[in-house]
Amino acid sequence: MKRNNSDIGNDSGKIFGLILLALIWVWLVYMLFSRGGVDFKNAFIAVASGIIIFVPLWKRYIQPLLAKRKRD
């Protein structure tokens, strides 16, 4: 598979995807709290799912973007 090495559009597409994923996650957490109430179990589920979803994405996509912008 051929990879596109141009920097134009790659960063904005990744950021848009992460923002969309974050909005969906926030909506799902809102639904969890509105239907199940705010208690320790639901808060733990929300925090754990956020860590499972966003920490690997942060390491894969955001840290290299920040490092690249810091170098330039």
Same apolar cluster: [X] and [Y], side chain cutoff 4.5 Å:
| X | Y | result |
| --- | --- | --- |
| Leu18 | Val26 | yes |
| Val55 | Leu66 | no |
| Trp58 | Tyr61 | yes |
| Val38 | Tyr30 | no |

Let me confirm one number: the [atom1]-[atom2] distance from [X] to [Y], rounded to the nearest 0.5 Å.
| X | Y | atom1 | atom2 | value |
| --- | --- | --- | --- | --- |
| Leu28 | Ile53 | CG | CD1 | 8.0 Å |
| Lys59 | Phe54 | NZ | CZ | 15.5 Å |
| Ile15 | Leu20 | CD1 | CG | 13.5 Å |
| Ile45 | Asp39 | CD1 | CG | 8.0 Å |
| Ile62 | Leu57 | CD1 | CG | 8.5 Å |
| Arg60 | Lys14 | CZ | NZ | 7.5 Å |

Indicate the atoms forming the closest heavy-atom contact of Leu32 with Asn42, along with that distance.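 Heavy-atom minimum between the residues: CD2-O, 3.5 Å.
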
Give me the atom names and distance for the closest heavy-atom approach of Trp25 to Ala46.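 Looking at all heavy atoms of both residues, the shortest contact is CZ2-O, 3.1 Å.
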
